[in-house]
Number of protein chains: 2
Amino acid sequence: MTEMELAAYRKKTRQSKVVDILTTKVACKECSLHQLCLPSSIDGTDLEKLDRIIERKRPLKRNEHLFQVGSKFSAIYVVRSGSLKTYSPTVDGQEQVTGFHLPGELLGLDAIGKGQHPCAAKALETTSICEVPFENLEHLTQELPTLQHQLLRLMSKEIYDDQELMLLLGKKTAEARLSAFLLSISLRFKQRGFSSTEFYLSMSRNDIANYLGLAVETVSRMFTRFQEDGIINAERKHILINDRKAMQQIAGMNNCCEEVASGDTQKSV
Amino acid sequence: MTEMELAAYRKKTRQSKVVDILTTKVACKECSLHQLCLPSSIDGTDLEKLDRIIERKRPLKRNEHLFQVGSKFSAIYVVRSGSLKTYSPTVDGQEQVTGFHLPGELLGLDAIGKGQHPCAAKALETTSICEVPFENLEHLTQELPTLQHQLLRLMSKEIYDDQELMLLLGKKTAEARLSAFLLSISLRFKQRGFSSTEFYLSMSRNDIANYLGLAVETVSRMFTRFQEDGIINAERKHILINDRKAMQQIAGMNNCCEEVASGDTQKSV
DNA sequence: TAAATAAGTTGATAAATGTCAATTTTATAC
DNA sequence: GTATAAAATTGACATTTATCAACTTATTTA
């Protein structure tokens, strides 16, 4: 890619739909709730019942909280558009980012057990949310076995995905972590019908570093290295993935993060 | 501690009940299923119903598998006595240990989503297991809202615990990881009514290192260091925790792994 | 019981990543 | 629009941990 082409690309990504994809409403069929209600032949009436208990909240502005640490658990949330990060305070007064949540993904499943949120959720940009009051949901699952099954599946998926991430954090080098992170984001966009090669990272380098257990400087250097090697083009938060195969090699995962088996979407490297 | 006292202690731990605690049957009230059925005032009839669907399997010998990677998911398992590790194969042909499972803890929750086990489970010693066929359990939860609630709580707890571990793996130094690991094991024994200061580690140093994302040598050195500093006494797999406060400091978690809020037990640093 | 194998420990060295500091670029506020 | 603050990048250096190799101690098998 020449400098001119690059400049043109940069200009394009600044304006194009790549950007406002994240501020666009997500249709229900691309949403996690789709997995939660539709797939196993749930019929119209049941879907309507589910729809009835869901509340649409006013959009959050950037840096607004959806919930705080320790706040009472009362609902599960689904991202309609925009994105959030979840984070916990650590002993030394720092915060530890525990996840990023893109359109169609759930938040709050980790709070059911204790009845209060173990982490806080903050919008990374203008973000709109569906709220699913948990008590109502629980009642409804009693009525609708399919819904219950879906809920269990989603929670299981979350456990599974967390374990995948543990593998990553436990073993890998800095470049493997970042590569796996980008592939994960890419896959999640793809699963929602967006481009998997060209997307916008709403979180800061700092958040990424924190999440991956690395220093900001290391993350920055890895971005630079990937760019130098021609594997990605990173114009600030706009990412273009040039060589997916190479990234899979680096991430040490030739098998996964490419095609995911079932109709599951969800969650968070 | 003098050399003589140490020798006496070592002799004692070799014989005492510390060892056979793990081979003793765990009463139902110390078991995870207790959380799953009893706590929210489930009555005798309901408990009986649950008890009826549970199958007790013959004990596994050391190194026998409870399930293999990719095997069909049909049941959740509870450890009655003994212990297991779960692990996944990685691209480079290695295995990655994803968890250790002590008496009263669950296995298999990560398999619900895909319908097959993403990891294998292998006994670390002679181990007996309760099998809870999942289909039956799901049906039963339709009948017993309390049971459903408990199941959701347990799964949520698993998600929460995994996230705790992610923090550990993502951020901490080698000594913080090992310290947190030992504290976690300690707490889990305590929650089951065993000693929290004196216990037997059924897993190898290799497994620990693998699990914590460290080299065996590093783990070995950390054990040595802790011992030199008088924080623990480690006679091979017999561990005596001398200075819990110091370990919490090292682990960077003065708050957690000491007293856990609710009646939850479960799961796995 | 001895031999063979596996697990664990220790030391020396190299590689990876964190830390500190300086600088540039971008975003925000007035 | 300019000033100010925040975020990102880059370089130099220190620290941590992995790797390789040798060796010791347990455990298993014949």
Side-chain angles (χ1 to χ4, degrees), chain A residues 7 10-11 13-14 19 61-63 85 92 94-97 122 124-126 168-179 181 200-228 232-239 250 252, chain B residues 10-11 13-14 19 61-63 85 92 94-97 124-126 168-179 181 200-228 232-239 250 252:
Chain A
R10 285 170 178 169
K11 188 171 174 204
T13 55
R14 272 198 217 94
V19 177
K61 294 202 195 82
R62 186 161 126 81
N63 291 329
K85 68 171 174 183
D92 43 337
Q94 308 279 22
E95 52 181 61
Q96 163 69 43
V97 175
K122 189 195 264 188
L124 294 168
E125 60 195 315
T126 304
L168 186 69
L169 293 179
K171 285 206 112 62
K172 309 290 185 147
T173 63
E175 62 174 5
R177 293 184 197 196
L178 183 60
S179 184
F181 170 75
Y200 178 84
L201 291 177
S202 57
M203 68 292 292
S204 69
R205 298 285 194 265
N206 230 310
D207 285 338
I208 295 172
N210 188 309
Y211 179 64
L212 295 177
L214 299 169
V216 206
E217 294 92 333
T218 305
V219 169
S220 186
R221 279 184 250 270
M222 292 303 143
F223 267 109
T224 306
R225 185 188 298 177
F226 287 170
Q227 177 120 0
E228 281 170 358
I232 65 170
N233 280 90
E235 167 64 8
R236 210 141 192 81
K237 301 195 165 184
H238 296 91
I239 307 294
I250 291 169
Chain B
R10 284 172 178 166
K11 189 170 172 204
T13 56
R14 271 196 218 97
V19 176
K61 294 204 197 79
R62 186 161 125 83
N63 291 329
K85 69 172 174 182
D92 44 338
Q94 308 280 20
E95 53 181 60
Q96 163 71 39
V97 176
L124 293 168
E125 59 195 316
T126 304
L168 185 70
L169 294 179
K171 283 208 113 63
K172 310 290 184 145
T173 62
E175 64 173 3
R177 292 185 199 196
L178 183 60
S179 183
F181 170 75
Y200 178 85
L201 291 176
S202 57
M203 67 293 291
S204 69
R205 297 285 194 267
N206 230 308
D207 284 338
I208 296 173
N210 188 309
Y211 179 64
L212 295 177
L214 300 169
V216 205
E217 294 92 333
T218 305
V219 169
S220 186
R221 277 184 252 270
M222 294 302 143
F223 268 109
T224 306
R225 185 188 298 178
F226 287 169
Q227 176 120 1
E228 283 170 357
I232 66 171
N233 279 91
E235 167 65 10
R236 213 144 189 80
K237 300 195 166 183
H238 296 92
I239 307 295
I250 291 168

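So that the names make sense, note that chain A is the first sequence line, chain B the second, and so on, each numbered from 1. Below, all heavy atoms of this structure are taken into account, side chains as well, without hydrogens, waters or symmetry copies. Since the model is a prediction, treat every value here as computed from it, not as a measurement.
Closest of all the heavy-atom pairs between B/Ile239 and B/Ala234 is CD1-CB, 3.9 Å. Looking at every heavy atom in both residues, B/Leu201 comes nearest to B/Phe181 through CD2-CE2, 4.5 Å. Residues B/Phe226 and B/Leu178 approach most closely at CE1-CD2, 3.9 Å, considering heavy atoms. The heavy-atom pair separating B/Met222 from B/Ala174 by the smallest distance is CE-CB, 4.0 Å. Taking each heavy atom of B/Leu124 and B/Ser202 in turn, the nearest pair found is CD1-OG, 3.6 Å.
Taking atom CD on B/Glu175 and atom C1' on D/dT17, their separation rounds to 12 Å, with Å as the unit. As a whole-Å value, the separation of B/Glu125 CD from D/dT27 C1' is 16 Å. A/Asn206 has its CG atom 11 Å from the P atom of D/dT9, to the nearest Å. One interatomic measurement links the two molecules: CD of A/Glu228 to C1' of D/dT10, which rounds to 11 Å at whole-angstrom precision. Protein atom CZ of A/Arg205 is 14 Å distant from nucleotide atom C1' of D/dA6, rounded to whole Å.
Inter-axis angle, ends of the helix from C/dT1-D/dA30 to C/dC30-D/dG1, five pairs per end, rounded to 10 degrees: 60°.
Judged as a salt bridge (charged side-chain N to carboxylate O under 4.0 Å, His left out), and not counting sequence neighbours, the contacts of A/Arg225 are A/Glu175. Considering only residues two or more places apart in sequence or on other chains, A/Lys122 meets the side-chain hydrogen bond (donor to acceptor under 3.5 Å, both in side chains) condition with none of them. With sequence neighbours excluded, no residue satisfies salt bridge (charged side-chain N to carboxylate O under 4.0 Å, His left out) with B/Glu217.
Here B/Arg225 lies out of heavy-atom contact (under 4.0 Å) with every strand.
Protein chain B contacts DNA chain C from C/dG8 to C/dA12, reading 5' to 3' and using non-hydrogen atoms of the protein with a distance under 4.0 Å.
For the pair A/Asn210 (side chain) and A/Glu95 (backbone), a donor-acceptor distance under 3.5 Å is present.
Within a 6.0 Å sphere centred on NZ of B/Lys237, heavy atoms belonging to other residues, nucleotides or ligands number more than 12.
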**OP:** Quick one: do A/Tyr211 and A/Lys85 satisfy side-chain contact (heavy atoms from CB on, under 4.5 Å)? Show the steps, please.
**Re:** CA-CA 10 Å; A/Tyr211 179 64; A/Lys85 68 171 174 183; over 6 Å; no
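Ranking D/dA7, D/dT17, D/dT9 by closeness to the A/Ser204 side chain, first place goes to D/dA7.
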I'd like a table of atom pairs between the protein and nucleotides 19-26 of chain D - only N or O on both sides, under 3.5 Å - with the distance next to each one.
unit_1, atom_1, unit_2, atom_2, d
D/dT19, O4, B/Arg221, NH2, 2.9
D/dC20, N4, B/Glu217, OE2, 3.1

